[in-house]
Amino acid sequence: MPIEMITTLEGIWFLLAGVFLVGYALTDGFDLGTGMLTIFTNKDENRKVLYNAVAPVWDGNEVWLIAGGGMLFAAFPVVYAASFSGFYLAILIVLWALIGRAVAFEYRNKKSSKTWRNIWDWIYWIGNFVPALLFGVAVGNAVIGVPIDQKGVFHGTFFTLLRPAPLLMGVVGVFMFLMHGTAYLLRKTEGEVFEMAKKFAYISFFGYIGTLIITDFILVIVAPELYNNYFKYPIFWIAPIILIAGLILYFKNLINQNYDKVIYGSTLVSLGTVLTIALASYPVLIRSTIDPKYNLTIWNSASSHLTLTVMLIATLIFMPMVITYTIYVYRVFKGKVSSEGGYH
Amino acid sequence: MDLLTLSRLQFGMTAFYHFLFVPLTLGLAFMIAILKTIYLKNKDERLDKLAMFLMKLFAINFAVGVATGLTMEFEFGTNWFEYSKFVGDIFGAPLAIEGLMAFFLESTFIGLFLFGKDRVSDKMHTFAAWMVALGSTLSALWILIANSWMQTPAGYKIVETEQGVKAVLTDFFEAVINHTTIFRFLHCVNAGYIVGGFFVMGIMAYYILRNKHTDIAKVGLKFALVFTALVSLLQIIFGDIHGYQVTHGQPLKMAMMEGKWESEKGASLDLFGVINQEKHETKIILKVPYLLSILSYHDPNAEFKGIKDLVKEYQQIAKEAEAKIPVLQQKLQQLENSNANKEEIEKVKSELAMAKANAKAYNITFEDLPSVALVFTTFHLMVYLGFYFVFITLFGLWLLKRGKLFESKAYLWLLVLSIPLPWVATEFGWIATEVGRQPWIVQGVMLTKDAVSFHVGATNVLFSFIFFLTIYTLIFIVFLYAMIKAIKKGISPDDQMKIGRVEPSTPVGNITAFSKTDNRI
């Protein structure tokens with residue numbers, strides 16, 4: 001293990017950035033994963049179950065993204081500025097999708113008209129599918145590399161971002177969120193939605209493995225440097241091992257009909273996926289395809305030690321509180337949901 | 001239109017829009033929490049029903065507020081690349097802490113608050129209401145800390161790095177509690193309470209006029225009236241202190257708000273005027289002598305600095321900073337040659353960077369000023385509206401005391417029609433303070449025109465602006481529709497939202513609901 005990862009503020013913040021990404025994948029993963037199923041059932045009751053499964057918690061889940069964005073801004077401002085302005089349209093598309101999702105939650109049930117609800121359901125679906133896809137694409141671009149110069153200015157277009165390799169990583173992300181979302185539904189629902197979740201659990205499981213293997217081969221060709229860390233620091237292997245353990249657990253519980261426990265598998269898979277790609281890239285946050293010396297690393301893009309310290313203290317105080325009350329609220333709403341109630 | 005104008009237009013529009021929903025969130029959350037607390041004490045069912053009803057309206061407002069808030073956080077990075085790089089070390093921290101400390105709190109407990117009433121005790125539900133109120137208020141606090149730092153920066157130094165110049169934090173608390181933070185925060189949050197207060201008063205008055213839920217509406221109106229009268233009075237005090245701070249921290253902004261081109265001893269407060277930006281003059285229609293000097297210096301004979309003198313002063317500062325640059329460069333050279341200690345070199349380097357920033361940022365001309373008429377007008381209208389709020393609520397209290405509040409139809413109608421006014425006041429206040437601080441994005445350190453994402457094409461921004469405008473308009477129409485529909489429907493037992501439960505023993509495929517009423521509309 002590179003010792004500076006825990007002995008320097010920059011290294012610690014690299015790990016904390018990972019914590020936020022994992023936090024987002026694990027919590028909003030429920031929303032993204034369940035939301036992506038909306039259009040695969042035509043019955044209003046079934047769709048309502050999908051909404052109800054996450055209605056009391058989706059707001060809090062989304063904050064992982066907002067807090068994570070704030071953290072990126074505070075800890076690695078140059079990375080925040082370079083990626084958000086560089087990926088301008090992609091970022092705004094994610095934003096518009098998320099706005100649509102939030103509004104759909106709120107207004108879908110305001111009228112009983114079928115067309116009205118259908119429109120919102122599609123907006124809701126886009127609001128979950130597009131971010132699920134583009135998060136992976138964004139991470140893929142950051143680690144594979146984009147044309148940025150020494151000042152962090154991006155010299156590409158929207159289509160630079162949609163090269164096959166990052167796009168494929170986006171698809172891996174979609175399957176990852178779908179695995180997590182279906183696992184959540186296996187715990188939270190019964191009846192038709194449950195049966196649907198079961199079907200999609202298998203689809204996402206095999207989809208994830210398939211795209212992951214293809215991505216792996218493509219990355220060997222287009223970004224072989226991503227494998228260096230795993231030769232340099234053998235302890236990093238823990239991340240892919242978590243990932244594989246998660247896959248085994250997921251599948252085992254699925255075929256043994258231990259449906260309540262499938263979620264442990266998807267939790268490990270999400271954790272393992274985020275860690276595997278983050279550790280592969282360490283200490284680079286955004287790779288430059290113009291010149292490796294323009295790479296934005298934790299060393300050249302981090303904030304001052306004072307800011308990092310202040311932020312670390314704030315995180316150490318508030319993060320445990322956040323996790324505590326989040327768990328409490330999830331527990332209040334534990335148990336299977338029906339199509340009754342929800343936003344109205 | 002050029003990139004800068006489009007970027008400003010987009011940011012201004014999205015901020016304006018976001019700020020339609022934020023004040024109501026602030027106000028309603030606080031009022032609901034108070035109602036729930038009184039209910040816990042006296043078990044008056046009417047208060048609980050009212051709180052549940054307001055909660056339903058709150059939910060309609062909340063989601064849009066959250067969604068449009070996300071825009072703001074993204075836009076610093078997407079449209080203000082140079083700014084984000086420059087201030088990230090300082091500006092990012094309050095945004096991040098806002099997320100951690102406030103937004104998680106608000107957004108996690110909102111779920112419990114909206115859907116959890118049948119699952120937790122009354123006490124816990126009230127606690128959730130307070131956590132939502134606390135979360136939204138703390139959220140405002142950290143956002144205004146960040147905003148205040150841009151207006152009156154403190155606790156920082158400037159350094160040059162390989163990726164460009166940037167501001168670096170030197171004293172966290174000085175940066176956080178800078179010259180204007182506290183009263184900017186109180187003034188702004190309190191404005192939210194006024195918005196909430198008038199919103200509730202107007203709806204209650206409407207119900208009384210329509211003979212609907214009169215029992216609850218009367219209690220509600222009484223409560224909202226007392227609440228709003230209090231916060232409206234407080235706002236005069238907060239506004240006055242905040243204005244005093246602005247005079248001393250941002251004199252140019254205050255001069256524009258007051259429409260003063262010339263410096264004036266024993267300055268008058270000009271109530272109405274017409275601004276002529278080209279000729280640099282204001283035609284005053286009505287004025288109160290000495291009042292401005294009293295308000296801004298607590299001395300009737302004090303000199304109030306006008307725009308013309310201030311611009312000259314800033315040009316002078318720029319010249320002085322410019323003159324310092326070669327001196328500091330020489331000093332730096334000497335220190336580097338003489339192998340002086342690192343700290344000293346760093347200090348001179350940072351002084352040099354500061355001089356460069358000041359020389360650029362203070363070098364302003366009259367062309368750089370924003371529309372003085374806009375700042376003057378919005379500021380004045382905000383103040384007049386503030387006094388209107390005090391007047392109308394005090395008048396209501398007087399009616400209440402004489403036992404005529406619920407009979408006076410004209411007054412009740414006035415309350416209904418006054419619902420939008422606090423929004424007008426908050427948005428005008430926002431325009432006055434944000435346009436009024438131009439030409440700077442960070443006062444004295446960075447000009448707005450140097451802060452934009454230069455490499456994002458104007459076409460991209462034009463496209464995103466139009467797209468924002470379109471979806472925001474659509475959302476607003478749906479928002480109004482849902483809000484009006486909910487208000488017209490009125491208070492009902494199924495205001496309480498819940499999540500249907502499947503009973504544990506139910507066999508698969510046979511779903512029965514727990515809730516009594518069918519909530520499908």
Side-chain angles (χ1 to χ4, degrees), chain A residues 52 55-57 59-60 63 66-67 69-71 73-74 77-78 80-81 84-85 88-89 91-92 95-96 98-99 102-103 105-107 109-112 150-154 190-191 300 303-304 306-307 310-311 314-315 318 322 325-326 329 332-333 335-344, chain B residues 59-60 63-64 66-67 70-71 73-74 76-78 81 84-85 88-89 92-93 95-101 103-104 107-108 110-112 115-116 119-120 162-164 168-169 172 453 455-456 460 464 467 471 475 478 482 485 497-502 506 508-509 511 513 515 519-521:
Chain A
N52 282 355
V57 290
D59 255 320
V63 179
I66 298 167
M71 287 297 160
F73 196 174
V78 186
Y80 167 79
F84 275 56
S85 65
Y88 188 82
L89 280 182
I91 291 280
L92 288 183
L95 173 68
W96 293 328
L98 288 173
I99 290 176
V103 179
F105 253 118
E106 189 59 63
Y107 297 138
N109 292 341
K110 293 289 171 200
K111 274 175 93 159
S112 51
Q150 71 273 31
K151 300 213 160 192
V153 173
F154 176 77
E190 288 192 353
N300 68 11
S303 282
S304 66
L306 179 58
T307 299
V310 169
M311 295 304 306
T315 309
F318 291 108
V322 168
Y325 60 64
T326 303
V329 170
V332 168
F333 291 99
K336 310 245 175 198
V337 297
S338 75
S339 63
E340 297 299 321
Y343 281 102
H344 66 79
Chain B
I60 296 173
V64 192
V66 172
L70 201 54
T71 307
E73 198 200 37
F74 278 35
F76 296 116
T78 51
F81 170 77
S84 299
K85 270 199 332 179
D89 199 74
L95 290 194
I97 297 177
E98 186 253 352
L100 259 182
M101 179 178 174
F103 207 45
F104 265 122
S107 302
T108 308
I110 185 86
L112 186 58
F115 297 106
R119 294 173 189 245
V120 295
E162 43 188 306
Q163 295 131 343
V168 171
L169 189 66
F172 180 67
S453 303
H455 52 287
V456 174
N460 275 343
S464 58
F467 201 87
I471 58 170
I475 292 173
V478 181
K485 189 172 166 185
M497 293 194 259
K498 48 189 109 183
I499 296 296
R501 278 187 273 207
V502 181
T506 315
V508 175
I511 299 170
S515 61
N519 290 326
R520 273 166 290 176
I521 300 163

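Note: hydrogens, waters and symmetry copies are ignored here, and every other heavy atom, side chains too, is used. Throughout, protein chains are lettered first and strands after them, A, B, ... in sequence-line order, and every chain is numbered starting at 1.
Here the CG-CE distance, from A:Asn109 to B:Met497, works out to 10.0 Å after rounding to the nearest 0.5 Å. We find the CG-CG distance between A:Leu95 and B:Leu70 to be 5.5 Å, quoted to the nearest 0.5 Å.
No other option in A:Ser304, A:Ala55, A:Gly335 has as many heavy-atom pairs under 4.5 Å with chain B as A:Ser304. Ranked by non-hydrogen atom pairs under 4.5 Å with chain B, the options A:Val329, A:Val322, A:Val103 are led by A:Val322. Note: B:Val478 leads B:Leu95, B:Val120, B:Val478 in heavy-atom pairs under 4.5 Å with chain A. Your options are A:Asn300, A:Val57, A:Leu92, A:Leu89, and the one with the most heavy-atom pairs under 4.5 Å with chain B is A:Asn300. Comparing B:Ala482, B:Ala63, B:Gly88, B:Gly99 by how many heavy-atom pairs each has under 4.5 Å with chain A, the most go to B:Gly88.
Of all non-hydrogen atoms in B:Ala67 and A:Ala102, the two that sit nearest each other are CB-CB, 3.9 Å. Minimum heavy-atom separation, B:Phe81 to A:Ala81: CD1-O, 3.3 Å. When every heavy atom of A:Ala67 is checked against every heavy atom of B:Phe104, the shortest pair comes out as CB-CE1, 3.8 Å.
Contacts of A:Ile66 with chain B are made by both backbone and side-chain atoms, with heavy-atom separations under 4.5 Å. For chain B, the nearby part of A:Tyr107 is the side chain; its heavy atoms alone come within less than 4.5 Å. In this structure, chain B has heavy atoms under 4.5 Å from both the backbone and the side chain of A:Val332. Interface remark: B:Ile471 contributes side-chain atoms only to the contact with chain A (heavy atom separation under 4.5 Å). Looking at A:Val153, the atoms closer than 4.5 Å to chain B (heavy atoms on both sides) sit in the backbone and in the side chain alike. For chain A, the nearby part of B:Ile110 is the side chain; its heavy atoms alone come within less than 4.5 Å.
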Q. After noting the C-alpha distance and the side-chain angles of B:Ile60 and A:Lys110, does the key distance pass the side-chain contact (heavy atoms from CB on, under 4.5 Å) rule?
A. CA-CA 10 Å; B:Ile60 296 173; A:Lys110 293 289 171 200; 3.8 Å; yes
(Q) With side-chain contact (heavy atoms from CB on, under 4.5 Å) as the criterion, how do B:Val456 and A:Phe154 come out once you've worked through the C-alpha distance, each side chain's angles and the decisive distance to 0.1 Å? (A) CA-CA 9 Å; B:Val456 174; A:Phe154 176 77; over 6 Å; no
Q. Does the pair A:Ile99 and B:Ile475 meet the rule for a side-chain contact (heavy atoms from CB on, under 4.5 Å), with working shown?
A. CA-CA 10 Å; A:Ile99 290 176; B:Ile475 292 173; 3.6 Å; yes
Q: Could you check B:Ser107 against A:Asp59 for side-chain hydrogen bond (donor to acceptor under 3.5 Å, both in side chains), going step by step and ending with a plain yes or no?
A: CA-CA 5 Å; B:Ser107 302; A:Asp59 255 320; 4.7 Å; no
Q. Could you go step by step and tell me if A:Met71 and B:Leu100 meet the side-chain contact (heavy atoms from CB on, under 4.5 Å) rule?
A. CA-CA 9 Å; A:Met71 287 297 160; B:Leu100 259 182; 3.2 Å; yes
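Looking only at atom types and distance, the side chain of A:Tyr88 has no donor-acceptor partner in the side chain of B:Ser453 under 3.5 Å away.
No side-chain donor-acceptor contact under 3.5 Å links A:Glu340 to the backbone of B:Ile499. Here the side chain of B:Lys485 pairs no donor or acceptor atom with the backbone of A:Lys111 at under 3.5 angstrom. In terms of modelled atom types and a separation under 3.5 Å, the side chain of B:Lys85 and the main chain of A:Gly152 share no donor-acceptor contact.
Contact of the A:Thr307 side chain with the B:Phe172 side chain is not registered, since no non-hydrogen atoms from C-beta on lie closer than 4.5 Å.
Considering only residues two or more places apart in sequence or on other chains, A:Phe73 meets the ring-ring contact (aromatic ring centres under 6.0 Å, His included) condition with A:Tyr80, B:Phe91. The ring-ring contact (aromatic ring centres under 6.0 Å, His included) check on B:Phe74 picks up A:Phe84, with sequence neighbours excluded.
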